[in-house]
Amino acid sequence: MSAEKTPVENLTEEQAAAELAFLAAEIARNDELYHGHDAPELSDADYDALKRRNDAIEKRFPQLIRADSPTVRVGAAPLATFAQITHSRPMLSLDNTFSDEDVRDFVGSVYRFLGQLPDDSIAFTAEPKIDGLSMSIRYEQGRLVNAATRGDGTTGENVTENIKTIKEIPNRLPAGAPDVVEVRGEVYMTKSEFLALNAKMEAEGKQTYVNPRNTAAGSLRQLDAKVTASRNLKFFAYAWGEMSEMPADTQMSMVEKFKEWGFPVNPLMKRLTSVEDIIAHYKDIGLKRPDLDYEIDGVVYKVDRLDLQGRLGFRSRSPRWATAHKFPAEQAFTHVERIDIQVGRTGALTPVARLTPVTVGGVVVTNATLHNEDYIKGIGNSGERIREEEHDIRVGDTVIVQRAGDVIPQVLDVVMEKRPSGAVPYEFPKKCPVCDSHAVREKNEKTGKLDSVTRCTGGFVCRAQAIEHLKHFVSRAAFDIEGLGAKQIDFFFEAEDESLRVRTAPDIFTLKKRQEGSTLTKLENIDGFGKVSVKKLFDAIDERRTIALHRLIYALGIRHVGETNAKLLARAYGTYEAFEKAMKEAAELSGDAWNDLNNIEGIGEIVARAIVEFFKEPRNVEVIDRLLAEVTPQEAEQIAASGSPIAGKTVVFTGSLEKFTRDEAKARAESLGAKVAGSVSKKTDYVVAGPGAGSKLDKARELGVEVMDEDEWLVFIG
Ligand code: IVH
């Protein structure tokens with residue numbers, strides 16, 4: 001829960017003006033993010049909170065209403081009325097690397113994954129990372145048939161008509177191009193076009209744009225394609241989706257093909273074989289950056305050979321064969337006005353620096369996370385110094401803040417010469433600012449070191465934790481109850497009347513009944529609700545009485561169990577009963593149930609412990625029991641990799657493998673739907689044994705598990 005902002009009635013005019021400036025920029029930026037192509041940064045609730053705050057300040061200071069106020073601005077972002085297109089192949093993102101060392105690690109990991117190659121040097125391409133919007137453009141029989149934005153990677157928006165107005169993108173491919181071609185790349189606006197457009201907007205007294213990327217996004221997402229046409233957008237081709245036939249076998253030659261077909265490709269792309277050359281090219285592109293007429297935010301490296309790309313494959317969201325080497329973040333000086341403590345769902349006390357608003361890389365920054373007590377003192381997570389001695393962060397300090405890409409702003413360092421004489425070291429609270437329970441730093445059992453996070457020990461009694469927990473429960477990836485956002489949760493949580501009160505998740509599902517039986521306050525008579533919205537809310541709640549298992553597991557708010565882990569658990573256990581039973585059986589952190597949990601690919605020991613601990617707490621189980629009296633979890637879908645002989649099977653690799661590395665073998669098996677386990681048990685279906693296999697092979701024989709060598713395995717999986 002966020003510690004309170006200065007109440008609007010206490011704001012000075014100066015503060016109000018600064019905050020309105022920030023809110024206008026921040027709301028516009030989030031509009032763009034939301035309507036644009038990336039996932040929105042804010043939850044609906046947080047976004048609404050920004051708008052409400054803006055409205056309240058404007059109400060008190062009408063003289064300060066800005067020309068670009070979110071209440072004045074109309075139709076800034078076109079509405080989402082584009083049709084959806086499901087990508088034939090997902091549009092993935094890239095992992096980021098920030099240092100030369102990260103790049104060496106990346107290259108090293110590619111070599112390690114692939115193991116010994118006959119010709120031992122692997123070539124990489126290196127090209128600028130364009131700061132625009134990615135686009136997938138599909139051609140059938142040589143004609144442009146559709147174009148889609150990235151969207152969430154799986155489905156994007158159909159912007160075909162708009163894309164057809166971009167002169168640089170061919171409407172037809174030359175004869176000889178494959179039947180189906182999907183060219184992917186970046187749509188962008190040049191810096192000069194951006195400046196000219198803004199000058200024009202300004203002259204016409206219209207709102208100016210924030211940066212070329214947002215402007216390109218806004219220009220493309222115009223229902224009226226004529227507007228897009230007037231904006232002179234540009235394109236670089238650098239990747240592809242579905243291809244009925246591959247016209248080349250390397251990254252470089254694919255891009256050359258695109259060029260032959262009439263697409264613009266980036267002239268700074270190079271093919272390189274040593275890490276030193278790659279890093280040198282990165283530096284060279286960095287030096288050229290100010291003179292380029294388009295924004296770039298890094299350099300992308302890709303394994304050149306497509307067969308090797310295929311072997312390397314993907315992690316959940318990004319390829320193993322590519323990475324983005326980002327340019328250093330932008331920085332600015334500002335002051336720390338205050339340090340607030342936020343209490344999260346798990347009780348973590350997070351200090352947040354409230355800063356004098358400052359523009360960093362085109363975005364107004366007013367807050368920066370200070371992470372934890374040690375961070376404020378200048379100590380990193382492993383006890384290392386991250387700032388010089390005495391450079392602890394104090395209220396009143398002048399600090400350097402940094403924003404890198406879309407990550408939250410960081411306070412990098414303190415300008416010691418500017419430290420006010422009265423500044424005192426920040427004293428981290430020993431008690432939770434919300435519930436007054438002790439706040440402690442737990443000891444890590446393994447390392448014996450103090451955890452960097454200070455946690456409120458209040459658990460269920462801490463309002464902040466309880467409220468944050470409920471907000472998590474109704475959030476989009478969890479129960480996703482329409483009409484029940486952060487604002488409503490605050491209201492129901494604090495309600496005086498018991499027939500309205502929601503303190504734990506099951507209370508949400510008993511609300512309607514309690515209301516019907518109550519003669520006290522009727523929800524429909526409360527400001528902001530009304531008959532229709534109450535009916536809608538109750539319907540929305542009823543709609544969630546059956547719920548996907550992974551959503552339920554995620555909604556429980558178990559530490560370390562995010563969406564991905566929740567899905568893994570749902571798939572592994574199939575039903576809620578099986579899951580809970582197994583977690584209780586694993587209570588002693590030993591035995592079959594515990595081993596099975598740890599054998600789930602992707603679930604490590606820390607996560608496993610957190611889950612088991614969660615089920616040891618009777619209060620948790622009690623709340624779940626009450627919840628299950630109201631909602632019915634659905635069975636999880638079985639892992640489906642149809643046509644694969646190993647879908648749903650458990651495989652153990654042992655001994656030294658010669659045809660592929662352990663990582664590759666594992667990734668391949670998983671992509672075919674198998675589970676790869678570390679130890680042999682009754683549940684193992686196949687053991688693949690290389691030379692030198694020992695005890696695992698013996699165990700497999702003893703249990704009668706089918707054993708194969710590498711060659712048999714390869715034939716078996718096709
Ligand atoms: S390759 C599977 N190359 O960066 C990899 N992406 O962070 C596909 N981007 O969504 C992407 N310039 O919008 C690639 N030369 C480049 C790029 C590039 C910009 C963007 C792209 C992607 C994002 C990933």
Side-chain angles (χ1 to χ4, degrees), residues 92-129 238-240 246 248-256 268-286 298-327 601-602 604 651-672 674 676 678 688-693 709-711 713-714 717:
L92 296 146
S93 54
L94 293 169
D95 252 12
N96 290 328
T97 39
F98 295 97
S99 64
D100 292 359
E101 201 186 324
D102 288 350
V103 176
R104 284 179 222 284
D105 283 352
F106 163 70
V107 171
S109 73
V110 167
Y111 273 93
R112 264 198 313 284
F113 189 95
L114 293 171
Q116 198 66 35
L117 291 174
D119 159 15
D120 216 3
S121 70
I122 299 174
F124 292 83
T125 59
E127 68 200 277
K129 184 168 190 300
Y238 55 66
W240 56 95
M246 289 300 282
D249 57 6
T250 63
Q251 185 72 35
M252 196 73 186
S253 47
M254 280 299 282
V255 170
E256 276 157 10
L268 298 176
M269 179 171 179
K270 266 194 173 177
R271 181 180 180 278
L272 303 156
T273 40
S274 78
V275 183
E276 272 55 46
D277 289 350
I278 289 172
I279 292 171
H281 192 45
Y282 167 84
K283 297 208 166 115
D284 186 42
I285 291 179
V299 177
V300 181
Y301 308 135
K302 301 171 188 168
V303 169
D304 190 39
R305 268 171 57 180
L306 302 187
D307 60 327
L308 298 186
Q309 287 189 3
R311 283 177 58 189
L312 284 152
F314 300 87
R315 283 178 233 93
S316 62
R317 297 184 54 98
S318 57
R320 280 196 196 85
W321 44 263
T323 190
H325 189 180
K326 301 298 271 295
F327 291 128
E601 183 53 37
V651 188
V652 173
F653 292 98
T654 182
S656 55
L657 303 178
E658 289 170 336
K659 296 276 156 51
F660 31 58
T661 64
R662 193 61 72 91
D663 282 344
E664 184 176 2
K666 192 167 148 197
R668 180 87 167 270
E670 279 165 10
S671 73
L672 292 169
V676 178
V688 181
D709 66 22
E710 276 177 285
D711 288 323
W713 172 251
L714 284 173
I717 63 175

Engineer: Could you go through V652 and V688, starting from their C-alpha distance and side-chain angles, then the distance that decides it, and tell me whether this counts as side chain to side chain contact (heavy atoms under 4.5 Å, CB included)?
Structural biologist: CA-CA 6 Å; V652 173; V688 181; over 6 Å; no
Engineer: When rounded to the nearest 0.5 angstrom, what is the spacing between CG in D95 and CZ in R315?
Structural biologist: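 Going from CG on D95 over to CZ on R315, the span is 4.5 Å.
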Engineer: Is there a side chain to side chain contact (heavy atoms under 4.5 Å, CB included) between V676 and F653 once you walk through the steps?
Structural biologist: CA-CA 8 Å; V676 178; F653 292 98; 3.9 Å; yes
Engineer: Rounded at 0.5 Å granularity, tell me how far CE in M252 sits from CG in L306.
Structural biologist: 12.5 Å
Engineer: Which atom names give the shortest non-hydrogen contact between W321 and G313, and what distance separates them?
Structural biologist: CD1-O, 3.6 Å
Engineer: Given side chains that start at C-beta, do those of L94 and P319 come closer than 4.5 Å, heavy atoms only?
Structural biologist: yes
Engineer: Counting C-beta onward and ignoring hydrogens, is there a side-chain heavy-atom pair between L312 and V110 closer than 4.5 Å?
Structural biologist: yes
Engineer: What is the distance from atom CE of M246 to atom CG of D307, rounded to the nearest 0.5 Å?
Structural biologist: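 CG of D307 is found 10.5 Å from CE of M246.
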Engineer: How far apart are the closest heavy atoms of W713 and A669, and which atoms are they?
Structural biologist: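 Residues W713 and A669, closest heavy atoms: CZ2-CB, 4.2 Å.
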Engineer: Indicate the atoms forming the closest heavy-atom contact of E658 with P691, along with that distance.
Structural biologist: OE2-CG, 3.8 Å
Engineer: Just by distance, no angles: are the side chains of S109 and R112 close enough, under 3.5 Å, to form a donor-acceptor pair?
Structural biologist: no
Engineer: Could you pull out the closest heavy-atom pair between F113 and A667, with the gap in Å?
Structural biologist: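 Looking at all heavy atoms of both residues, the shortest contact is CZ-CB, 4.0 Å.
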Engineer: Between E127 and V255, is the side chain to side chain contact (heavy atoms under 4.5 Å, CB included) condition met? List the steps.
Structural biologist: CA-CA 11 Å; E127 68 200 277; V255 170; 5.6 Å; no
Engineer: Start with the C-alpha gap between D663 and R320, add the side-chain angles, then the distance that decides, and say whether salt bridge (charged side-chain N to carboxylate O under 4.0 Å, His left out) holds.
Structural biologist: CA-CA 11 Å; D663 282 344; R320 280 196 196 85; over 6 Å; no
Engineer: Please answer whether the main-chain N or O of A123 pairs with a side-chain N or O of D304 as donor and acceptor at a distance below 3.5 Å.
Structural biologist: no
Engineer: Below 4.5 Å, heavy atoms only, C-beta onward: do L308 and I122 meet side chain to side chain?
Structural biologist: yes
Engineer: Just checking R104: does its CZ atom have more than 12 heavy atoms from other residues, nucleotides or ligands closer to it than 6.0 angstrom?
Structural biologist: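 Atom CZ in R104 is crowded, with more than 12 foreign heavy atoms closer than 6.0 Å.
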Engineer: Check whether T97 reaches the backbone of A324 with its side chain - one donor and one acceptor, N or O, closer than 3.5 Å.
Structural biologist: yes
Engineer: Is the shortest side-chain heavy-atom distance between I285 and F327 below 4.5 Å?
Structural biologist: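 In contact.
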Engineer: Does the pair L657 and E710 meet the rule for a side chain to side chain contact (heavy atoms under 4.5 Å, CB included), with working shown?
Structural biologist: CA-CA 7 Å; L657 303 178; E710 276 177 285; 3.6 Å; yes
Engineer: To the nearest 0.5 Å, what is the distance between CG (N96) and NE2 (H325)?
Structural biologist: 10.0 Å
Engineer: Answer yes if the ring centres of Y301 and Y282 are under 6.0 angstrom apart, and no otherwise.
Structural biologist: no
Engineer: What distance separates R311 CZ from R305 CZ, expressed to the nearest 0.5 Å?
Structural biologist: 8.0 Å
Engineer: Working to the nearest 0.5 Å, report the span between CD1 of I278 and CZ of R271.
Structural biologist: 11.0 Å
Engineer: Under a 4.0 Å N-O cut-off, is there an ion pair linking K270 with D277?
Structural biologist: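 The answer is no: the pair does not qualify as a salt bridge.
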Engineer: Please find the pair of heavy atoms, one from Q251 and one from V303, that lie closest to each other, and give the distance.
Structural biologist: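 Taking Q251 first and V303 second, the nearest heavy atoms are CB-O, 4.1 Å.
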Engineer: Counting C-beta onward and ignoring hydrogens, is there a side-chain heavy-atom pair between D100 and K283 closer than 4.5 Å?
Structural biologist: yes
Engineer: Is there a donor-acceptor pair under 3.5 Å between the side chain of T661 and the backbone N or O of L114?
Structural biologist: no
Engineer: Is the distance between the ring centroids of F106 and F124 less than 6.0 Å?
Structural biologist: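 They qualify: ring centres under 6.0 Å apart.
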Engineer: Please find the pair of heavy atoms, one from L92 and one from S318, that lie closest to each other, and give the distance.
Structural biologist: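 Scanning both residues, the minimum pair turns out to be CD2-N, 4.2 Å.
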